[in-house]
Each structure stands twice: as C-alpha cells, then as structure tokens.
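As the structure is a computational prediction, the values presented were derived from the model and not from experiment.
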Amino acid sequence: MSFLKNKTVIITGAGRAVLSDGRCGSIGYGIATAYAKEGANVVITGRNANKLEEAKKELESKYGVNVLPLQADINERADNVAIAQHVAEEAVKAFGGIQVLINNAQASASGVTLAEHTIDQFNLAMYSGLYSAFCYMKACYPYLKESKGSVINFASGAGLFGNYGQSAYAAAKEGIRGLSRVAATEWGADGINVNVVCPLAWTAQLEQFEKAYPEAFKANVKMPPMGHFGDAELEIGRVCVQLASPDFKYMSGETITLEGGMGLRP
C-alpha cells in the first residue's frame, strides 16, 4: 500500500520472535513485518535490546527499509514521560515525523487469580500496558496532529469477556479501550484516527506453553470458531496496515475484534 512508503510508524513491544516454522512469533514483530513490506520507516521499542537488533537486521535485509530500534521500558520506577518523549524525538530526528503509533507492548502475570494477585503484579500490567499507551500517545500527539496520523492500541478479549486468572491484564486492557475512546473523541478534530484491536494470534509464547504444559494449554486455550489462530503478520499486522489508511478514517473510535482470521469486525 503506497500510502505508507517512507512514512514512519512507532511500534512498542516489537522485538524479533519467531515460531518453530519460521513465521512471525509475536504480534509486535508481525506488525513490524507488515509495515516493512509496505516500505514504512519502522521504529521499534522493547525491553530486550538483542531482540530489537535482530528485528532491525532481518527487516532491513529482507525489505530494504530503515529500522530504528530503541530500548525502552515503561515501569513504575522509571521516568516514563521522559522515556516516551525520547522515543518520539528520536523517531522525528531520524525520519522527520510520525504518521502511525501502535501501542502493542504489554506484560502481565497471567494465571494468577484476583485474590492472589500482588500489587507488584498489578503494577506490571498497568505500567507496561495502560501507562505505556498513555505516555506514548501524549509524546506523539504533536507529530500525529501535524501528519493527521493514526493511533492503533491493543486491548484484549480478556477484558471483554472476563478471562479467568487475568484480572490485572484485563484491567489494563479495558483501561486502554477507555483511553482510546476518549482520544478518538478529543483528537478527531485534529484529523487523528484512533482504533483498538482485540487480537487472538498464535505466538511463540503460546507455542512454548503448549509444549511445556499440554494439559494446561488444552484446558485454558480455546480454538477460535474459524478453526485456527490468527497469524501475527498476515492477519493482525495486515489489519494494522489497513487501519492506517486514509480510507479507514471513518472508523475512528471502533474496537476491532480479530478471532482466528475473521478479519475486521467492529
């Protein structure tokens, strides 16, 4: 899609991860791959510097794009406003502007019941997800206003359906949904498109979980109605490409649910 050629996207939580069959093994890396294939300048953040460098090397060699890896960790002990501002400024310094912001990063202690959840575990989910989205949106706002760009935030079915053992994760994701709806209302006049994606994708973490704990996997991970899990690049990543298109501006404020390749469903 030529509208992304030489445009700049920031993707949080986008270190390289692959499945055993070689496909993209994380949602962030799948999104980065989809944008690289369209010729975008890709800014990727994450906690693991090695995974970021691996992503840069592969994406640049395969698709001939420019990739800027920036180690960044939004957490309760950090100066999170400064971290997000640094990423935004480095992106603008390298590429001249920001057209798309994708808040994908999220960590959590899944499988821990609400009664057993600790404050530290709750803070982990809130800072890595909700606070991260808040800080990056504020840092990127002036540049997105200038470019009339797009924000794509990630929520989850865990919040929509109340998944067992995911209280902090669900709370963070529902917070992101609420934040996104307010941003869509406030930033619409600036020409900024804001959407939320609730994905279900097959990732390296799920693959490892299935191998290590097959019985627990069978009991807790349900196959989507379509009979397969979403592909991180071809389905989740491609939808994120579509949502950055000027043709999708009218969808601002919508929640997009992706279940096993079902595509766009407001």
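- Remark: side-chain polar atoms of S147 are paired, donor with acceptor, to backbone N or O of I98 under 3.5 angstrom.
- Put simply, the side chain of Q85 never gets that close to the backbone of V81: no donor and acceptor are under 3.5 Å apart.
- A donor-acceptor pair is defined here as one N or O able to donate and one able to accept, closer than 3.5 Å; no such pair exists between the side chain of E76 and the backbone of L124.
- Two residues are said to be in side-chain contact when any heavy atoms from C-beta on lie closer than 4.5 Å; M137 and N153 meet this criterion.
- The closest side-chain heavy-atom distance from V197 to I27 is not below 4.5 Å.
- Contact between Y143 and A88 at its shortest, heavy atoms only, is CE1-CB, 4.1 Å.
- Atoms CD and OH, on E54 and Y29 in that order, are 9.0 Å from each other to the nearest 0.5 Å.
- Side-chain atoms of T185 come within 3.5 Å of backbone N or O of R181 as a donor-acceptor pair.
- Closest approach of A168 and Q121 over heavy atoms only: CB-O, 4.2 Å.
- The structure places OG of S180 at 8.0 Å from CG of N103, a figure rounded to the nearest 0.5 Å.
- In the hydrophobic cluster analysis, where Ile, Leu, Val, Met, Phe, Trp and Tyr join through side-chain heavy atoms closer than 4.5 angstrom, I192 is grouped together with L101.
- Taking the side chain as every heavy atom from C-beta outward, K173 and I176 approach each other to under 4.5 Å.
- Of all heavy-atom pairs between A40 and V9, the closest is CB-CG1, 4.4 Å.
- Paired with E60 under the rule salt bridge (Lys or Arg N to Asp or Glu O under 4.0 Å), one option of K62, K57, K56 passes, and it is K56.
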**side-chain contact (heavy atoms from CB on, under 4.5 Å) between H86 and I83, worked out** = CA-CA 5 Å; H86 173 73; I83 290 172; 5.8 Å; no
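- In this structure, the separation between CD1 on I31 and CD1 on I11 is 6.0 Å, given to the nearest 0.5 Å.
- Counting only distance, with no hydrogens or angles, the side chain of N41 and the backbone of N6 share a donor-acceptor pair below 3.5 Å.
- L114 and Y164 fall into different hydrophobic clusters, where Ile, Leu, Val, Met, Phe, Trp and Tyr are joined by side-chain heavy atoms under 4.5 Å apart, directly or via other members.
- In this structure, T12 contributes its side chain and A105 its backbone to a donor-acceptor pair below 3.5 Å.
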**Asked** Passes side-chain contact (heavy atoms from CB on, under 4.5 Å), L160 versus R177? Steps please.
**Response** CA-CA 10 Å; L160 292 172; R177 283 213 306 141; 3.4 Å; yes
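- Considering every non-hydrogen atom in both L68 and A94, the closest pair reads CD2-CB, 4.1 Å.
- For the pair N75 (side chain) and D73 (backbone), a donor-acceptor distance under 3.5 Å is present.
- For Y127, the OH atom is densely surrounded, since the number of other residues' heavy atoms within 6.0 Å is greater than 12.
- Put simply, the side chain of D21 gets close to the backbone of R23: a donor and an acceptor are under 3.5 Å apart.
- No path of Ile, Leu, Val, Met, Phe, Trp and Tyr side chains, each step under 4.5 Å between heavy atoms, connects L200 with L234, placing them in separate hydrophobic clusters.
- Considering every non-hydrogen atom in both S108 and Y169, the closest pair reads OG-CD1, 3.6 Å.
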**Residue pair Y63, T33: steps toward the side-chain contact (heavy atoms from CB on, under 4.5 Å) verdict** = CA-CA 9 Å; Y63 309 114; T33 300; 3.7 Å; yes
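- Remark: Q71 CD to N48 CG distance equals 7.5 Å, nearest 0.5 Å.
- A distance of 6.5 Å separates CG in L179 from CG in L130, rounded to the nearest 0.5 Å.
- Here the straight-line distance linking atom CD of Q99 with atom CD of E146 works out to 9.0 Å at 0.5 Å rounding.
- In the hydrophobic cluster analysis, where Ile, Leu, Val, Met, Phe, Trp and Tyr join through side-chain heavy atoms closer than 4.5 angstrom, V182 is grouped apart from I152.
- There is no path of hydrophobic side-chain contacts, each under 4.5 Å, that joins V112 to M126.
- At a threshold of 4.5 Å between non-hydrogen side-chain atoms, the residues R238 and V241 count as touching.
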**Prompt:** Checking side-chain hydrogen bond (donor to acceptor under 3.5 Å, both in side chains) for the pair Y141/E186: CA distance, chi angles, key distance, verdict?
**Reply:** CA-CA 11 Å; Y141 169 71; E186 294 180 353; over 6 Å; no
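- Using a cutoff of 4.0 Å between basic side-chain nitrogens and carboxylate oxygens, E90 and K93 are scored as salt-bridged.
- The minimum heavy-atom distance between C135 and N80, with the atom names listed, is SG-CB, 3.9 Å.
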